[in-house]
Amino acid sequence: MIFYFSGTGNSKWIAEQLADRLKEQLIFIPETMRNAIFDYEMADKEKIGFVFPVYSWGPPPIVLQFIEQLNLQRYDKQYLFFVCSCGDDTGLTQQVFCNAVSRRGWKCDAGFSVIMPNNYVLLPGFDVDSKEIEERKLTDAIPKLAEIGSMLEEGKEVFQCHEGSFPFIKTKIINPFFTKWGISARKFHTTDACIACKRCEKACPMNNIVMVGWKPVWGTDCTSCLACYHICPQNAVQYGSVTGKKGQYFNPNEK
């Protein structure tokens, strides 16, 4: 089985391709957490995968929380892997993930990163890729994922994650600060351009947005996945004053 988390569709696309190729069941982490389903029985030789985007050079907190609660019944050293999507590099995501599963008594056998279009826009200096770079990344991801799928089918024990420069600083110093202060719905709002289409409400993986009258209202269960911002056809969803002139990106297979 493959557990996945995705906001703007990059990781969902990866998870779907791998699930189809490996003939594994696909499980959406936010949905199973909402339903408090944490017990999964392992079959002999079943592969266990996790697919998720990199959040500030680490796994998203929701993925780590899920791993803490997950109960893999009949686990007997089945092949366990992860694939993370990232705009550029991963920092020490591999280390953080492997430590998380190790604490549960499991062994991570393989891990990979796939470069996908950037979607983080909530800080100065961060924006989506140009259309040219976006298209190149999407094109390059196809053979990369095919290569990863082949190695997973063979059960290879290999790690191919692009850490980038200064991974320790990014993951050990910046990531904790981001997790504590950067994941919040507090500054999300809509401009007068909002047409009450409800696409932000439907796109939110956490069911954290509800329509009150003709306006969306954000709750407190936010992962800062930015699905609401990027899916808005009017670019009416904004985050404080930071996103006013920035672009949007949603995986073309999901829009």
Side-chain angles (χ1 to χ4, degrees), residues 1-20 24-41 47-73 80-87 93 96-97 100-101 104 106 111 114 116-117 119-122 175 178-180 182-188 197-211 216-232 237 239 248-251 253-255:
M1 58 186 64
I2 297 177
F3 303 99
Y4 80 97
F5 172 69
S6 184
T8 58
N10 284 338
S11 293
K12 181 181 180 183
W13 174 75
I14 291 172
E16 288 174 339
Q17 303 307 304
L18 293 177
D20 182 63
E24 294 287 349
Q25 181 184 1
L26 196 58
I27 299 169
F28 189 40
I29 289 175
E31 182 177 356
T32 193
M33 291 186 76
R34 277 194 296 272
N35 296 322
I37 301 173
F38 298 106
D39 296 331
Y40 292 89
E41 186 168 338
K47 290 181 170 61
I48 308 163
F50 294 83
V51 180
F52 53 86
V54 172
Y55 266 35
S56 186
W57 302 288
I62 186 175
V63 173
L64 297 177
Q65 292 163 10
F66 177 69
I67 290 172
E68 289 177 358
Q69 299 175 76
L70 179 62
N71 180 22
L72 298 178
Q73 299 176 7
L80 189 152
F81 68 90
F82 75 88
V83 179
C84 60
S85 61
C86 61
T93 293
V96 175
F97 179 86
V101 297
R104 299 304 318 280
W106 312 326
V114 180
M116 297 290 284
N119 72 353
Y120 191 73
V121 296
L122 300 191
N175 178 268
F178 171 84
T179 299
K180 184 174 182 178
I183 299 179
S184 171
R186 184 171 55 89
K187 294 183 180 181
F188 279 113
C197 67
K198 299 184 179 181
R199 293 190 72 180
C200 57
E201 180 184 40
K202 295 174 183 176
C204 179
M206 307 303 293
N207 289 353
N208 189 53
I209 301 174
V210 295
M211 298 298 292
V217 175
W218 283 259
T220 58
D221 191 15
C222 180
T223 65
S224 288
C225 71
L226 307 189
C228 58
Y229 168 84
H230 290 289
I231 199 68
C232 180
V237 174
Y239 187 82
Q248 293 174 288
Y249 167 79
F250 213 93
N251 188 281
N253 297 293
E254 297 299 315
K255 291 196 75 171

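For the numbers below, each heavy atom of this structure counts, side chains included, while hydrogens, waters and symmetry mates do not.
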Notebook entry, point to check: What closest approach, in Å, do M1 and E41 show between heavy atoms, and which atom pair accounts for it?
Noted result: CE-O, 4.2 Å

Check: Taking side chain as C-beta onward, heavy atoms only, is L18 less than 4.5 Å from Y4?
Finding: no

Next item on the list: List the atom of M116, the atom of I14, and the distance in Å for their closest heavy-atom pair.
Entry: CG-CD1, 4.3 Å

Next item on the list: Sequence neighbours left out, what passes ring-ring contact (aromatic ring centres under 6.0 Å, His included) with F38? Give chain and number order.
Entry: none

Item checked: Counterpart residues, ring-ring contact (aromatic ring centres under 6.0 Å, His included), relative to F97 (two or more places apart) -> F50, F52, F82

Margin query: Does any part of the side chain of C228, heavy atoms only, come nearer than 4.5 Å to the side chain of I209, both counted from C-beta?
Written below: yes

Checklist line | Gap between atom CD of E201 and atom CG of N207 - 0.5 Å precision | finding: 8.5 Å

Checklist line | T179: side-chain contact (heavy atoms from CB on, under 4.5 Å) partners, not counting sequence neighbours | finding: P61, N175

Enumerate donor-acceptor pairs with a distance under 3.5 Å from any side-chain N or O in residues 29-37 to protein atoms, sequence neighbours excluded.
{"residue": "T32", "atom": "OG1", "partner": "I37", "partner atom": "O", "Å": "2.6"}
{"residue": "T32", "atom": "OG1", "partner": "Y40", "partner atom": "OH", "Å": "2.5"}
{"residue": "R34", "atom": "NH1", "partner": "P205", "partner atom": "O", "Å": "2.7"}
{"residue": "N35", "atom": "ND2", "partner": "E31", "partner atom": "O", "Å": "3.2"}

Checklist line | Pair listing, side chain to side chain donor-acceptor pair (under 3.5 Å) test, anchored in residues 8-19, at least two apart | finding: T8-N119, N10-Y249, N10-N251, S11-S85, K12-E254

Check: Run the side chain to side chain contact (heavy atoms under 4.5 Å, CB included) check on S56 and Y120 step by step: do they pass?
Finding: CA-CA 9 Å; S56 186; Y120 191 73; over 6 Å; no

Next item on the list: Could you pull out all residues at least two apart from Y55 that satisfy ring-ring contact (aromatic ring centres under 6.0 Å, His included)?
Entry: none

Check: If you measure from OG on S224 to CG on N208, what distance do you get to the nearest 0.5 Å?
Finding: 10.0 Å

Margin query: With side chain to side chain donor-acceptor pair (under 3.5 Å) as the rule and sequence neighbours excluded, what pairs involving residues 60-72 come up?
Written below: D39-N71

Margin query: I need the minimum non-hydrogen distance between L70 and R104, along with the two atoms involved.
Written below: O-NH1, 2.6 Å

Check: Can you name the side-chain contact (heavy atoms from CB on, under 4.5 Å) partners of L64, sequence neighbours left out?
Finding: P59, V96, A100

Notebook entry, point to check: By side-chain contact (heavy atoms from CB on, under 4.5 Å), which residues pair with K202, not counting sequence neighbours?
Noted result: K198

Next item on the list: Not counting sequence neighbours, which residues clear ring-ring contact (aromatic ring centres under 6.0 Å, His included) with F188? List them please.
Entry: W218, Y239

Next item on the list: Could you check I48 against F3 for side chain to side chain contact (heavy atoms under 4.5 Å, CB included), going step by step and ending with a plain yes or no?
Entry: CA-CA 8 Å; I48 308 163; F3 303 99; 4.2 Å; yes

Notebook entry, point to check: Nearest heavy-atom pair of V237 and C200: which atoms, and what distance?
Noted result: CG2-CB, 4.5 Å

Margin query: Working to the nearest 0.5 angstrom, can you tell me the gap between R199 CZ and I231 CD1?
Written below: 4.5 Å

